[in-house]
**Student:** 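Here it is: the structure, laid out below.
Just the heavy atoms: all of them, side chains too, but no hydrogens, waters or symmetry mates, feed the values below. Throughout, protein chains are lettered first and strands after them, A, B, ... in sequence-line order, and every chain is numbered starting at 1.
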2 protein chains.
Amino acid sequence: MGSPIYLTIVEDMKQKINAGELKPGDMIKSENTLCDDYNVSRMTVRKSLTVLASEGYIYSVPGKGNFVNEPNQDKYILYFNEMNSIESSIEETELLDVNIVKPTLEILFNLQIPENKRVVVIRRIMINDGDPVAYDIKYIPYYRGMPIVEKEIHYATFPEIVAKKKSLFAINKELKIRVQRPDAEIKAVLNIEDTDPVMAIEQKLLDENSKPIGWGVTYFIGDFFHLQAVSSFVDKSNNIY
Amino acid sequence: MGSPIYLTIVEDMKQKINAGELKPGDMIKSENTLCDDYNVSRMTVRKSLTVLASEGYIYSVPGKGNFVNEPNQDKYILYFNEMNSIESSIEETELLDVNIVKPTLEILFNLQIPENKRVVVIRRIMINDGDPVAYDIKYIPYYRGMPIVEKEIHYATFPEIVAKKKSLFAINKELKIRVQRPDAEIKAVLNIEDTDPVMAIEQKLLDENSKPIGWGVTYFIGDFFHLQAVSSFVDKSNNIY
DNA sequence: TAGTGGTCTAGACCACTAG
DNA sequence: TAGTGGTCTAGACCACTAG
C-alpha cells in the first residue's frame, strides 16, 4: 500500500532473521536472486540491504555475498548531559570560581599538554531545592587572549563552553562512569557524609584529530542521580512509517 | 582516486558543516542543484545525502529540502555486559541458588505479570581473585515445564539465559544505572562496609512487542567497576576506507 | 571464468510544498 | 504551477572471489 517495496523486503528479511530461519553467519541470497524473487530492480534490492546493514542485521563481503550478522548484545544508546541527568532537572547553578592554574600530573595526562602550559579551571555546583546535588570541575587548555565570560559559563554544558566558535559536530566525547567514596573536598562542597556514595562522571572532549580540548569530572550525589540506556537494536523501522 | 564520487561529496558537505559554513537549520542545496555542481546523477547525490543523514548531519523534509541537523550532543554509545564491565574480567561465577517464588510488588511491576504468576529467581556472585565483586539477581516469569539447567546459567549473560531458543535479534534491553548504599543483604553477600559504595545496574529485557521477559539487578562493588561511553558522532566514514 | 557486491547513469512517476 | 525529495527501473562497468 503506502509502504514502498524496499521496506516490505526489509521486513521480510527481518522476519526470517528473527524467526531463526536465517542464522548469524549464514549467507543470504545474492542480490540478483533477490531481484528475481521479488521481481524488482537491483537498486531496490540494494536499498533494502542498505537498511538491513545500517540496523546491524547483515553485512556484506564484496565478491562473496551478504551475511547475517552476530547480534551485538552489549551495545546501548546512552543519553547524558551534566545538566539533566538528575532525577529532577537542575534549577540553579552556582559558579564557584574560574582560575588559571599550573596543571597537575593528572590534568597533563588527560589533556595531553606540555608541562609549561596553563589550564583554565571552572568549578560549579548544581543546586536542586536549595541543596547542592552535584559538583563539577572542568579543565580547558588556556591560550593567550582566551575570553572567559563568567555569565556564559554558568548554565552551559561542557561542549558549549569549549566549543565557543567551533562547530559542535566536530567534537568527539568520551565518558567514564564510576562510583566513589566522597573525599574531603567533595564532602565539604556537597555537604554529605562518608556513607553517601557519589557517582563520578569524567568527560573528555576531543577535536576532529582526537586531540583533547577539555577534561572534567562531575560528582553527583547518588540519591539524585541515575542514567538510562537502551539497546541499540530497537527496530528503527518504526521511525520510518 | 580509489575514493568513490559519493564519498568525496560526503566529505565536502561535512567540511562545510564542521567549518560552520552550513549551520544547523540551514537548508542545503537541492538535489538537482548538487547534481549540476558535482556533475553527477541524482542517485549519486542521494547516496551521499543518505550517508550524511545516517550519521546525523542532515535530515530531509519531503517537498521542501534537506536541512542541517542540530548536533545531538547528549547521545553516547555504551557497551555493557554484566560479565565484563569489571576492571579485570570475571574469573569465576558462583551460582547461589535458583528458586521459583511468589513475586513481590516490585517484580510484578517490572515484569508486568499477573499476581498469581510465579517467577524464577537466579542469584549469582561474580568472583575475582577469590573475592566477590558483584552480586547478581535475575527474575524470569516461570511457565510450566520450563527447563532450568544450572550448568547453563552459570556463566551466561542475561539475554543468553532468557533467549534460549529465541533469536537474540528480537530482544530489546533497557539499563538503569545508579549508585546506592549497600543494604544488609548486599553487605553480607559482597562482604563490604557501609562506606563502600555500590553500583546498581538494572537490566530489563523486552520481546519484540515490548513485553518484559526478564528483569534483574547487578550490584557491583565500586572499586571494581567502571563504564565507558563514546559520543555517537565519531566520523563513521573512517570505517568505510 | 562465472558470480558477487560496489558504483554510477539517465531516465521516470509520485506526493508534497508553497507561492 | 514549479520545485522538492521518495521510489523505482534497466541498464553499465568495475574489482574481487573462488573454482
**Student:** Would you indicate whether the side-chain heavy atoms of B:Val217 and B:Ile137 approach each other to under 4.5 Å?
**Tutor:** no

**Student:** Aromatic rings B:Phe80 and B:Phe220: how do their planes relate, parallel, tilted or perpendicular, breaks at 30° and 60°?
**Tutor:** perpendicular

**Student:** Could you summarise the pairing of DNA chain C as dot-bracket text, marking Watson-Crick and G-U pairs under 3.5 Å with ( ) or [ ] inside the strand and | across strands?
**Tutor:** ||||||||||||||||||.

**Student:** Examine D:dT7: is either OP1 or OP2 under 4.0 Å from a nitrogen or oxygen in the side chain of A:Thr44? Give yes or no.
**Tutor:** no

**Student:** In the structure I gave you, are the side-chain heavy atoms of A:Met199 and B:Met199 within less than 4.5 Å of one another anywhere?
**Tutor:** yes

**Student:** Do B:Lys47 and B:Ile9 have side chains that approach each other closer than 4.5 Å (heavy atoms only, starting at C-beta)?
**Tutor:** no

**Student:** Compare all side-chain heavy atoms of A:Leu52 with those of A:Ile28 and state whether any distance is below 4.5 angstrom.
**Tutor:** no

**Student:** Of the options D:dG5, C:dG5, D:dT9, whose atoms approach the side-chain atoms of A:Val40 most closely?
**Tutor:** D:dT9

**Student:** To the nearest 0.5 Å, how far apart are CG in A:Asp36 and NZ in A:Lys29?
**Tutor:** 9.5 Å

**Student:** Between C:dG5, C:dC8, D:dC8, which one does the side chain of B:Ile5 approach most closely?
**Tutor:** C:dC8

**Student:** Without decimals, in angstroms, what is the distance between B:Tyr59 OH and D:dG5 P?
**Tutor:** 13 Å

**Student:** Under 4.0 angstrom, heavy atoms only, what part of the nucleic acid is A:Leu49 near: base, sugar-phosphate, or nothing?
**Tutor:** nothing

**Student:** Could you write nucleotides 13-19 of chain D as a row of B, S and -, 5' to 3', where a protein heavy atom under 4.0 Å of any base atom gives B, of only sugar-phosphate atoms gives S, and otherwise -?
**Tutor:** ---BSS-

**Student:** Would you mind telling me which of A:Glu202, A:Gln203, A:Glu106 makes a side-chain hydrogen bond (donor to acceptor under 3.5 Å, both in side chains) with A:Trp215?
**Tutor:** A:Glu202

**Student:** So, is B:Tyr6 close to the C:dT7 phosphate, meaning a side-chain N or O under 4.0 Å from OP1 or OP2?
**Tutor:** yes

**Student:** OP1 or OP2 of D:dG5 sitting under 4.0 Å from any side-chain N/O of B:Asn66?
**Tutor:** yes

**Student:** How far does CD1 of B:Ile77 sit from CG of A:Leu175, to the nearest 0.5 angstrom?
**Tutor:** 11.5 Å

**Student:** Counting side-chain heavy atoms from CB outward, which of C:dG6, D:dC8, D:dA10 is closest to A:Met43?
**Tutor:** D:dA10

**Student:** Where the side chain of B:Pro4 is concerned, which of C:dT7, D:dG5, C:dT9 is the nearest nucleotide?
**Tutor:** C:dT7

**Student:** Give me the one residue out of A:Thr93, A:Asp136, A:Thr218 that meets side-chain hydrogen bond (donor to acceptor under 3.5 Å, both in side chains) with A:Arg124.
**Tutor:** A:Asp136

**Student:** Ignoring hydrogens and angles, tell me if any N or O in the side chain of B:Ser48 forms a donor-acceptor pair with the backbone of B:Tyr6 under 3.5 Å.
**Tutor:** yes

**Student:** Looking at C:dT4, I'd like to know if its phosphate oxygens (OP1 or OP2) sit under 4.0 Å from a side-chain N or O belonging to A:Ser60.
**Tutor:** no

**Student:** Tell me: CZ of A:Arg46 to P of C:dT9, nearest whole Å?
**Tutor:** 15 Å

**Student:** Can you spot which of B:Thr44, B:Asp12, B:Thr8, B:Thr33 makes a side-chain hydrogen bond (donor to acceptor under 3.5 Å, both in side chains) with B:Tyr38?
**Tutor:** B:Asp12

**Student:** For the pair made of CZ in B:Phe67 and C1' in D:dG5, what is the distance, rounded to whole Å?
**Tutor:** 11 Å

**Student:** Could you measure the distance from the CG atom of B:Asn18 to the OH atom of B:Tyr57? Nearest 0.5 Å is fine.
**Tutor:** 5.0 Å

**Student:** Listed in order of residue number, which residues of residues 26-38 of chain A have a non-hydrogen atom at under 4.0 Å from DNA chain C?
**Tutor:** A:Ser30, A:Glu31

